[in-house]
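A quick write-up on the structure given underneath.
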Amino acid sequence: MVKLSVSGLVWDKTFAFPKPRFVIASCFSTRVGTHNGTFHCDEALACFMLRLSKRFSGAQIVRTRDPNLLETLDAVVDVGGVYEPRRHRFDHHQKGFHQVFGHGFHTKLSSAGLVYKHIGLEIISNVLKLHEDHPHVHQIYPTIYRNFVEAIDAIDNGVNQYDLNESPKYETNTCLSSRIKRLNLNWMDPDQSSDRENEVFHQAMALAGAEFLDNVNYYAKSWLPARSIVMESLAARESVDSSGEIIKLSRSCPWKLHIHELEEEMKINPSIKYVLYPDDRSEKWRLQAVAISPARFESRKPLPCLWRGLENDKLSEVAGIPGCTFVHMSGFIGGNQSYDGALAMTRASLKA
């Protein structure tokens, strides 16, 4: 492993996601600045995203709070007290800062959200190797903000996910922001040098970047193609059942993130209660209750209480429907050996 220490930066040649261009420090064409000391998810992701742009590809990362040095840099994130997109200054800590992403979002932006707001379209087009005007780029752009970047903005700015009238029922410390926070040097680390601090910051960039790219590729290659399948299924819902509350998917696909949005766009009424789809691991069929909202576990109309936790012959006997395989204890999902059996289960559930 070869390291170059320049302006408080450790450049680690083992960092390889995505594969960076390695040049000697004096030949970096651009320099991106962020603060030294304890780091958070937002600036790690902001630095990574900037380096996905054409202008800042292969940029040197300079970690400092020296205002004179910051002034000489090509871009600055999460430090400096300045928000000027034309000069690539992306801080959010200054008094009076209230920038949001737009597009119907209201969460105050962190440095990650600021970078994504102003160069996100270019980043998405570069990752997907599509023209910036391609409709897929414009569909993915707000989706990545909603499902990935917004949570980082909210956590960094101390915005709760919902109003808390009482203590949460459990703690969650496995989100990206929490995992990056744990990469910081702790008080027991024997090496508290700036070189070691910069080394773990690059680990944080790699972790944030890997998850960002995973999300972009998932939404482009899995989520987006599923949208047309769900849309076709919604349009054909009354051919499945006259109630219009059951849809059949031609194949198993990620439908949950589409159905609420498409219901609103297509003015679906009454709302969909159940989704039928083939089990991608067998020739059996699944029936799943639609959740109240994308962020809730509760179903609009869960499968009947008497069915829950039962399997195979016992379930078929209680339901009075042949071929039943299982119903989850919470009533959100069940299965049957055949499509006709799964459809019969959903119709019975609607009437229950």
Side-chain angles (χ1 to χ4, degrees), residues 32 34 39-56 75-128 130-163 175-178 180 205 208-220 223-224 227 257-258 260-262 264-265 293-295:
V32 172
T34 189
F39 53 79
H40 299 100
C41 185
D42 70 312
E43 70 263 26
L45 178 60
C47 289
F48 186 92
M49 289 193 296
L50 279 170
R51 296 180 70 217
L52 292 176
S53 68
K54 182 177 180 179
R55 178 182 177 88
F56 297 105
V76 176
V77 301
D78 210 49
V79 69
V82 178
Y83 168 54
E84 292 184 17
R86 288 179 298 178
R87 294 179 56 224
H88 306 289
R89 264 51 185 171
F90 301 114
D91 196 11
H92 66 110
H93 296 98
Q94 58 272 28
K95 184 177 180 180
F97 179 90
H98 299 292
Q99 288 291 318
V100 298
F101 184 66
H103 305 277
F105 296 94
H106 305 289
T107 301
K108 181 180 174 181
L109 299 179
S110 69
S111 61
L114 284 173
V115 169
Y116 189 75
K117 176 176 182 174
H118 291 285
I119 65 171
L121 283 171
E122 181 199 344
I123 291 169
I124 298 297
S125 69
N126 290 344
V127 172
L128 299 181
L130 295 173
H131 193 276
E132 197 169 315
D133 292 333
H134 195 286
H136 288 181
V137 173
H138 284 263
Q139 285 178 298
I140 295 295
Y141 175 59
T143 299
I144 292 297
Y145 184 76
R146 177 187 300 110
N147 294 291
F148 184 72
V149 180
E150 185 177 22
I152 294 168
D153 286 343
I155 290 169
D156 194 75
N157 285 305
V159 179
N160 286 320
Q161 193 173 13
Y162 47 85
D163 293 332
C175 67
L176 180 60
S177 294
S178 295
I180 283 182
M205 282 179 59
E211 296 214 7
F212 174 77
L213 293 175
D214 281 347
N215 273 266
V216 172
N217 283 305
Y218 167 78
Y219 283 102
W223 175 86
L224 190 57
R227 183 179 175 86
L257 295 176
H258 290 296
H260 294 88
E261 183 178 297
L262 288 174
E264 184 175 347
E265 288 182 17
S293 71

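- Of all heavy-atom pairs between Phe56 and Leu50, the closest is CB-O, 3.1 Å.
- Between the side chains of Thr107 and Glu150, at least one donor-acceptor pair of N or O atoms lies under 3.5 Å.
- Contact of the Leu52 side chain with the Phe212 side chain is registered, since non-hydrogen atoms from C-beta on lie closer than 4.5 Å.
- Distance CD/Glu211 to CD1/Ile152: 8.5 Å, rounded to 0.5 Å.
- In this pair, His258 and Trp223 present their aromatic rings parallel. The plane angle is below 30°, not in the 30 to 60° band.
- Within 6.0 Å of CD on Gln161 lie no more than 12 heavy atoms contributed by other residues, nucleotides or ligands.
- There is no side-chain donor-acceptor pair under 3.5 Å between His92 and Asp153.
- Closest approach of Met49 and Ile119 over heavy atoms only: O-CD1, 4.4 Å.
- The structure places CG of Leu213 at 10.0 Å from CD1 of Ile123, a figure rounded to the nearest 0.5 Å.
- Taking each heavy atom of Ala44 and Ile180 in turn, the nearest pair found is CB-CD1, 4.5 Å.
- The distance from the NE2 atom of His118 to the CZ atom of Phe101 is 10.0 Å, given to the nearest 0.5 Å.
- With 3.5 Å as the limit, one finds no donor-acceptor pair spanning the side chains of His40 and Asp42.
- Around atom CD of Gln94, more than 12 heavy atoms belonging to other residues, nucleotides or ligands sit under 6.0 Å away.
- Contact detail for Tyr219 and Ile140: the closest heavy-atom pair is O-CD1, 3.3 Å.
- Counting heavy atoms from C-beta outward, Leu45 and Phe148 have side chains that approach closer than 4.5 Å.
- Between His93 and Asp78 there is a side-chain heavy-atom pair separated by less than 4.5 Å.
- Ring planes of Tyr116 and Tyr145: parallel class, angle under 30° (limits at 30 and 60°).
- To the nearest 0.5 Å, atom OH of residue Tyr141 and atom CD of residue Glu122 are 11.5 Å apart.
- With Ser111 contributing its side chain and Phe90 its backbone, the two residues share no donor-acceptor pair below 3.5 Å.
- Contact of the Asp156 side chain with the Ser177 side chain is not registered, since no non-hydrogen atoms from C-beta on lie closer than 4.5 Å.
- Shown here is His106, whose NE2 atom has no more than 12 heavy atoms of other residues, nucleotides or ligands within 6.0 Å.
- Taking CG of Asn157 as the reference point, atom CZ of Phe97 lies at 7.5 Å (rounded to 0.5 Å).
- With values rounded to the nearest 0.5 angstrom, Ser53 atom OG is found 13.0 Å from Leu121 atom CG.
- Looking at heavy atoms from C-beta onward, Val76 lies out of side-chain contact with Asp91 at the 4.5 angstrom threshold.
- Of all heavy-atom pairs between Val100 and Lys117, the closest is O-NZ, 2.8 Å.
- In this structure, Leu114 and Gln99 have side chains that are in contact, with non-hydrogen atoms separated by less than 4.5 Å.
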